[in-house]
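Notes follow once the structure below has been shown.
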Number of protein chains: 4
Amino acid sequence: MKNTLPPRKRRKDARPAEIIAAALEEFEVRGFGRSTLAGIAKRAGISRTTIYLYFDTKEAIFEAAIRSSVERAIDDVAEIAGSAEGDFGTFFARAVDLIYDRLVEGKAAVFMKILVAEGQFMPDLVAFYRREILSKGEAAIGALIARGIKTGELPESCRSEDVRVFMAPAIFAALWLRVFDKVDPLDIEAFKQAHVRLVVDALRGRA
Amino acid sequence: MKNTLPPRKRRKDARPAEIIAAALEEFEVRGFGRSTLAGIAKRAGISRTTIYLYFDTKEAIFEAAIRSSVERAIDDVAEIAGSAEGDFGTFFARAVDLIYDRLVEGKAAVFMKILVAEGQFMPDLVAFYRREILSKGEAAIGALIARGIKTGELPESCRSEDVRVFMAPAIFAALWLRVFDKVDPLDIEAFKQAHVRLVVDALRGRA
Amino acid sequence: MKNTLPPRKRRKDARPAEIIAAALEEFEVRGFGRSTLAGIAKRAGISRTTIYLYFDTKEAIFEAAIRSSVERAIDDVAEIAGSAEGDFGTFFARAVDLIYDRLVEGKAAVFMKILVAEGQFMPDLVAFYRREILSKGEAAIGALIARGIKTGELPESCRSEDVRVFMAPAIFAALWLRVFDKVDPLDIEAFKQAHVRLVVDALRGRA
Amino acid sequence: MKNTLPPRKRRKDARPAEIIAAALEEFEVRGFGRSTLAGIAKRAGISRTTIYLYFDTKEAIFEAAIRSSVERAIDDVAEIAGSAEGDFGTFFARAVDLIYDRLVEGKAAVFMKILVAEGQFMPDLVAFYRREILSKGEAAIGALIARGIKTGELPESCRSEDVRVFMAPAIFAALWLRVFDKVDPLDIEAFKQAHVRLVVDALRGRA
DNA sequence: AATGAATGAGGCTTCATTCAT
DNA sequence: CATGAATGAAGCCTCATTCAT
């Protein structure tokens with residue numbers, strides 16, 4: 001029943017997503033500043049002006065891209081939080097796995113890169129990204145820690161800690177991969193494990 | 001009498017540094033891509049074309065800026081390594097202090113930001129920055145760990161760890177400050193201490 | 001009804017030719033080096049940037065102009081060679097008539113002038129012009145001479161002569177007209193006849 | 001006695017000539033339009049601004065260069081005309097030799113090239129060059145013809161001929177050498193002989 | 001819905017030329 | 001006499017964006 005829509009219509013509905021996908025490719029390869037509408041259009045296989053039927057500016061495309069990735073992120077957080085059993089180390093490792101997956105695979109890292117570079121000119125998007133994406137991650141980590149405290153694995157003092165310090169290596173790794181990896185490769189698996197070990201050892205040690 | 005040098009001449013010697021300083025301001029405020037020679041010139045109080053007497057391209061200015069910051073970085077490393085006494089925690093805290101100083105104060109973070117944004121188009125500079133700046137930091141941290149192992153404070157197993165994971169929160173903080181701080185301020189002092197605690201606790205705990 | 005094509009579309013097809021025509025005007029008046037895209041655009045009644053929809057660089061415009069004049073040149077040669085009857089003098093006079101026509105009327109002389117001035121920086125175009133234009137002329141003259149030898153009007157020895165010497169006065173006249181004519185006018189008709197007489201007398205005299 | 005001037009003075013007197021020489025090199029290599037004062041200064045081994053002590057503009061340098069070559073040209077003409085004996089063919093061949101020498105060797109051809117390219121913007125120089133250089137050549141050829149008529153070698157009808165047609169191949173050769181020679185070399189010696197033969201045969205044939 | 005045509009704003013860079021020593 | 005420093009004018013080119021079909 002959903003497939004009975006005329007192809008024209010289906011096409012129309014798909015366009016924004018196609019453009020966003022094309023734009024993300026372009027952003028990844030050329031950075032945001034150097035990306036051109038011409039490049040995005042070419043990747044999307046459409047004309048430059050067609051983009052204006054769906055988006056007002058280049059920034060609007062980026063905004064839409066960022067927004068379109070929110071739902072999944074929310075699901076992710078739910079996924080992390082939903083898991084039922086295990087000790088803190090296991091949970092944390094799983095959360096970190098997920099985060100690295102997103103970051104290494106792509107979109108999230110592209111967003112980070114662009115926000116680092118151009119965030120000052122997109123305060124709304126920065127706020128949005130922080131609120132919808134990063135803070136979910138923080139909340140998730142915070143929840144893990146709270147659970148660890150409840151189960152007695154972690155000391156009460158951990159509660160007041162700025163959780164961003166526990167996520168920092170992941171962001172670092174994401175950016176390093178995109179910038180310095182060619183000149184000094186980072187073994188992402190080993191790094192991830194070091195990251196987990198660092199946090200788990202530190203927090204457990206305080207008990 | 002020593003000051004009787006003709007101002008024109010003195011000017012000339014000072015110009016490159018002035019231009020670099022102006023460029024760094026501009027880069028910091030507008031990012032590299034959006035920076036214009038006109039903006040740099042205005043900040044430096046000179047004409048657009050005067051810049052070309054000293055630098056061939058915008059990239060060249062950035063390169064000069066990055067290179068001009070190397071000497072200090074090297075001194076810093078010496079400073080860290082030179083200190084004589086204390087336990088691992090004290091040493092590491094001092095090193096982290098220094099790193100945050102550089103990163104918060106300015107230049108280094110500006111470079112990081114630009115390299116994140118445009119590094120793919122400046123492979124030479126990425127390599128240079130990594131070699132001359134980042135690897136010094138890594139080496140310093142590695143030396144601290146080696147010393148901790150020798151004094152028995154840290155277990156032998158620490159030696160094989162990727163030291164970048166110990167520096168990551170500093171880089172993270174530097175970028176966060178420039179990007180998300182307005183929307184979610186980061187208490188740099190508290191974060192720094194959390195960073196130190198994280199690493200020290202984790203490494204000590206392994207002993 | 002055939003004329004109901006949208007003007008926008010018709011425009012598009014005509015644009016390159018319009019731009020070329022405008023450019024030739026500009027080149028003729030200002031020379032190639034001093035010609036500006038702004039000037040060409042103004043002559044064509046379009047915006048500066050519109051030119052870039054059709055040509056990549058100023059050189060490309062010149063190249064297109066030169067190429068667009070080739071077909072006619074080829075036809076000319078056919079025309080000369082095709083004529084059926086007459087003695088060598090008649091043939092040669094007709095060929096010279098044609099050459100002077102082209103040269104005096106315009107394009108060809110403009111090209112010559114530009115190539116003289118800037119040819120060292122456009123080796124491909126020099127080669128192209130020589131191959132597609134000048135050598136046709138040489139071939140035509142050579143054919144006339146061969147015919148003259150066959151009919152017995154000219155001695156066999158003429159065959160080995162460098163035919164460029166027979167065309168030289170035409171090139172000279174073309175350039176003189178553009179450079180020295182104001183200060184020392186050249187009666188083109190008289191000169192042309194002198195040219196014909198010179199060559200015909202010389203070649204016949206050898207018989 | 002002339003050599004007792006202080007070296008500073010000698011230097012000063014020599015400067016204009018040095019600059020002119022450097023400029024001619026530059027003009028020859030890069031053409032007039034693309035030549036820069038910076039390039040000329042470098043060739044002359046002096047500073048860009050020093051040129052302004054002696055010349056007001058780039059055009060002024062060219063003008064001085066052209067004027068400085070006049071004396072020699074005048075001498076040349078005298079040389080041609082002064083020779084005492086021989087028939088018309090011999091005389092003409094000698095004159096042509098001389099002309100080709102000048103044209104092939106350099107300065108004169110550089111002037112021609114520049115005037116062809118930029119003459120429309122230097123009407124005074126065009127007039128000057130025509131008057132001081134070209135017309136000398138024409139006069140010399142005219143004198144040769146007059147002498148030929150007097151000695152009975154040439155018919156009276158030659159007198160009314162536009163002598164430029166007799167010089168044209170030389171100009172042609174000079175330009176061809178600078179423009180098309182790489183793509184289609186011209187054997188200058190053979191061409192020169194063909195030129196002489198053409199003119200001599202034609203004029204003699206009329207007798 | 002889609003597009004080809006067109007353009008204005010703005011960036012980098014070159015160069016002749018002036019200024020002050 | 002000579003020059004290093006500095007600049008304004010001007011050119012080429014890119015790109016986001018609008019217009020008209």
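Naming convention: chains lettered A, B, ... in sequence-line order (proteins, then strands); numbering from 1 in each chain.
Taking atom CD1 of residue Ile51(A) and atom C1' of nucleotide dA1(E), one finds them 14 Å apart after rounding to whole Å. Atom CD1 in Ile46(D) sits about 11 Å away from atom P in dG4(F), given to the nearest Å. Summarising the geometry, the separation between CD on Glu59(B) and P on dC12(E) is reported as 9 Å, rounded to the nearest angstrom. Summarising the geometry, the separation between OH on Tyr54(D) and P on dA16(E) is reported as 20 Å, rounded to the nearest angstrom. Atom CZ in Phe62(D) sits about 18 Å away from atom C1' in dA16(E), given to the nearest Å. The distance from atom NZ of Lys42(D) to atom P of dA2(F) is 20 Å, rounded to the nearest whole Å. The CG atom of Leu53(D) sits 16 Å away from the P atom of dA20(E) (whole-angstrom rounding).
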Are there any protein N/O atoms within less than 3.5 Å of an N/O atom in nucleotides 14-16 of chain F, and if so, which ones and at what distance?
residue	atom	partner	partner atom	Å
dA16(F)	OP1	Ser35(A)	O	3.2
dA16(F)	OP2	Leu37(A)	N	3.0

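Arg30(B) and Ser35(B) make their closest contact through CB-OG, 4.0 Å (heavy atoms, listed as atom of the first residue, atom of the second, distance). Shortest non-hydrogen contact noted between Leu175(B) and Lys113(B) is CD2-CG, 4.0 Å. Contact record, Ile51(D) with Ile19(D): CA-CD1, 4.2 Å, taken as the closest heavy-atom pair. Scanning all heavy atoms of the two residues, the minimum distance from Ala108(C) to Tyr129(C) falls at O-OH, 3.4 Å. Nearest approach of Ile61(B) to Ala23(B), heavy atoms of both residues: CG2-CB, 3.5 Å.
Proximity of a side-chain donor or acceptor of Thr50(B) to a complementary backbone N or O of Ile46(B) within less than 3.5 Å is not detected. Under a 3.5 Å cut-off, the side chain of Gln120(B) and the backbone N or O of Val29(A) do form a donor-acceptor pair.
Residue Thr50(D) places at least one side-chain N or O under 4.0 Å from the OP1 or OP2 atom of dT3(F).
Residues from residues 113-121 of chain A that place a heavy atom under 4.0 Å from any atom of DNA chain F: there are none.
Where DNA chain E pairs in unbroken runs of 3 or more (Watson-Crick or G-U, both distances under 3.5 Å), the stems are E:2-21 with F:2-21.
Note that CD1 of Ile66(B) is 5.0 Å distant from CG of Leu125(B), once rounded to the nearest 0.5 Å. Note: Phe32(C) CZ to Lys58(C) NZ = 5.0 Å, rounded to the nearest 0.5 Å.
Put simply, the residue from Glu18(C), Glu25(C), Glu28(C) that forms a salt bridge (Lys or Arg N to Asp or Glu O under 4.0 Å) with Arg43(C) is Glu25(C).
Note on Glu26(C) versus Lys42(C): no salt bridge recorded, every NZ/NE/NH1/NH2 to OD/OE distance being 4.0 Å or above.
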